[in-house]
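Here's the structure we're looking at; comments come further down.
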2 protein chains.
Amino acid sequence: MPVRRIPGQRAGLTRAAVLAAARDLLAESGLASLTMRALARRLDVAPNALYSHVASKTGLIDDMLDEVLAEVQEPAIDVEGPIAGLHQLMTSTYAVLLAHSDLVPLYLARQGARGPNAQRLGDTMITLLARSGVHGPAAREALRVLIVYTIGFAAFTTRPLIDPPIEIEARQQLTTGEMLDNFTNGLRWLLAGIVTHGNSSGNDHPVLGAAGLQPGGGIAQEQPASPG
Amino acid sequence: MPVRRIPGQRAGLTRAAVLAAARDLLAESGLASLTMRALARRLDVAPNALYSHVASKTGLIDDMLDEVLAEVQEPAIDVEGPIAGLHQLMTSTYAVLLAHSDLVPLYLARQGARGPNAQRLGDTMITLLARSGVHGPAAREALRVLIVYTIGFAAFTTRPLIDPPIEIEARQQLTTGEMLDNFTNGLRWLLAGIVTHGNSSGNDHPVLGAAGLQPGGGIAQEQPASPG
DNA sequence: ACCTGAACACCGTTCAAGT
DNA sequence: ACCTGAACACCGTTCAAGT
C-alpha cells in the first residue's frame, strides 16, 4: 500500500511538506512514533525519498525545535518596564513549550536550538536586561539562568517528578494552572535576584561563606586556576 | 567471537554486574553506544541473556539514574543554618550530575528518578526547608523550583546553549568554573526568594500586574476553573 | 533534481528450547 | 534459574539505478 510509483515519477514533496507532516505525526502519535520510515509512510513515499529534502533526522528535528519558538510572543513594548517584559516573555515561552511538551526534552538533549527564532529570543532578552541595568557578563549569566529555568520547568511540568514522600495522599496530579503558578513564583525570585544583585561581581556571598565544592564532589576537573 | 557457550551453561551474570558494565560502557562510549546488544557483547553473552537480570532497557537506565544520586553528599548538620545546607546540597547535586552529564537529559526525558536515593534527597530538602520556615505547599513549590533549576543547569552546562548573538567574539567556551559561578548565583537568588516570599499566598504580584497568559499562548487547555 | 528498490548495519524484545 | 539460537518487527542511512 505504500507506493504505486515508478523510479522516475515525482511525488511532489517539499521540505515544508515534510516538516508539516513531521509536526502532525508528532502531535498524533508522540515522539517515539516520529521515525523517518513512519514519516515516509504518511507521505506515501519510500523512506529514502525524505533525504532529498532533509539532510538527516537530526536536522529535521532541529528545524522543528526552532519552528516552535516562532510561536513565542514578543512582549508589548514597555508595558510595565523591562522586568515585566522579561516576565511576559519567559511565561510565553513556558506556555509554548508546554504546548509542545514532546519536544522539550530534545532542547535539553541536543545543542539546544540555534535557529533564527532562538537568536531573536536571545536578542530580545538581552535588550530587556540592558534596560533593566544588567549588562555584559552579568546579562549573559542572567540569560542562561532564565532559559535554563524556563525549559527545565517545562520539561518537568508534564511528566511527574522527584516528589517528597511526605503527604503521599496530597500527591495527586498537579493541574496545569498550579504548575504555572509554581513556575511564576520561581521566575519572580530569579528576576528579583537579577535586578538587585545582577551588577555585583559575585565573589562575595551574602548568605554563604564557602563557594567551592567539597572534595569528592567530582567537579575539580578543569578549574581554570583563576590567577590574581 | 561473542560466545562459545552451549544453551545450558551459565555465564555467571548478576544484576549488579550488568549495571556495572552499563556504567562503564556509558563512560567509555557515550549514551548512543549504550545498547542492550553492545552491553551483551561486552559481557560476552547473547543479547537476550540480559533479560534474565533486567526487565527492560528502560528499567536498567532507571536504576542507573538513581544510582548516580547516591553520590550526592548530604550537608553537614547545621553548618551555617538550613539555607546554607540547601545551597550545599544543590551544589553537590549539580557537581554529581556534571560528572555524569550523559545521563542528565534522561532525568528530564523520563519520569525523573523515583528510586530510594531520589526519595532520600527529597526528604532532606523538605527537612531543610521546614527548618527555614517553609512548610506545606510552599515547601513543595520550592522543592520543585530547586530541582528543576539544578537539573536544568546541569543539562546546559556541558552542551552549548541558546547564546546571545551579541559579542560573538566573547562567546568562547565557558569553563566549568564559570558555569559553577553562574549556577551558584541563580541558586542564591532562588533561595533568597524562597525564604522571603515562601510563605506568602502568591496571589499578589509585587513586580507585575498581570498573572494570566496572553490569548493565543496556547495554555488555556485544562485550567481548573478555581472557583471561589 | 527527485524518487525507487535493495541493501547495510544495526535496534529491543520474545519464544522455544537446552541443562 | 540462566542461558542460547533464531526470529520478529523494527530503525537511519547509503548506493545505484531510473526519468
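Order of the sequence lines fixes the chain letters, A, B, ..., with proteins taken first and strands second; residue numbering starts at 1 for each chain.
In this structure, B/L50 atom CG and D/dC3 atom C1' are separated by 11 Å, rounded to whole Å. Between A/R5 atom CZ and C/dC3 atom C1' there is a gap of 8 Å when expressed in whole angstrom units. Regarding A/M36, its CE atom lies at a distance of 14 Å from the C1' atom of C/dC3, rounded to whole Å. Taking atom CG of residue B/L39 and atom P of nucleotide C/dC11, one finds them 11 Å apart after rounding to whole Å. As rounded to whole Å, 13 Å separates atom C1' of C/dT4 from atom CG of A/D44. Regarding A/R37, its CZ atom lies at a distance of 11 Å from the C1' atom of C/dC8, rounded to whole Å. With rounding to whole Å, A/L31 atom CG is found 11 Å from D/dG12 atom P. For the pair B/Y51 OH and D/dT4 P, the interatomic distance rounds to 14 Å; values are reported in whole Å.
Minimum interatomic distance between B/R15 and B/V54 (heavy atoms only, all atoms of both residues): NH1-CA, 4.2 Å.
With both ends at atom P, the span from D/dA9 to C/dA9 equals 23 Å, rounded to whole Å.
Nucleic acid contact class of B/A49 (heavy atoms, under 4.0 Å, all strands): base. Heavy atoms of A/T35 sit under 4.0 angstrom from primed sugar atoms or phosphate atoms, though from no base atom.
Checking D/dT13, C/dA1, C/dT13 against every side-chain atom of A/R10, the shortest atom distance belongs to C/dA1. Each of D/dT4, C/dT13, D/dG12 was ranked by its minimum atom distance to the side chain of B/A46; first place goes to D/dT4. Minimum atom distance to the side chain of B/S52 is reached by D/dC2, of the listed C/dT13, C/dC2, D/dC2. In this structure, of D/dT13, C/dC11, C/dC3, it is C/dC11 that holds the atom nearest to the side chain of B/R41. Picking from D/dT14, C/dC3, D/dT4 the nucleotide with the shortest atom distance to the side chain of B/V45 gives D/dT4.
Phosphate proximity of C/dA1 to A/H53: absent, as no side-chain N or O sits under 4.0 Å from OP1 or OP2.
As the counterpart of C/dA9, no nucleotide is assigned, since no Watson-Crick or G-U wobble pattern has both distances under 3.5 Å. In this structure, D/dT4 forms a base pair with C/dA16, meeting either the Watson-Crick or the G-U wobble geometry with both donor-acceptor distances under 3.5 Å.
Put simply, CG on B/L86 and CG on B/L128 are 4.5 Å apart, with the number rounded to the nearest 0.5 Å. Of the inter-residue distances, the one linking A/E67 atom CD with A/L103 atom CG reads 10.0 Å to the nearest 0.5 angstrom. Atom CG of B/N185 sits about 10.5 Å away from atom CZ of A/R144, to the nearest 0.5 Å.
A/Y94 and A/T157 form a side-chain donor-acceptor contact under 3.5 Å, judged by distance and modelled atom types alone.
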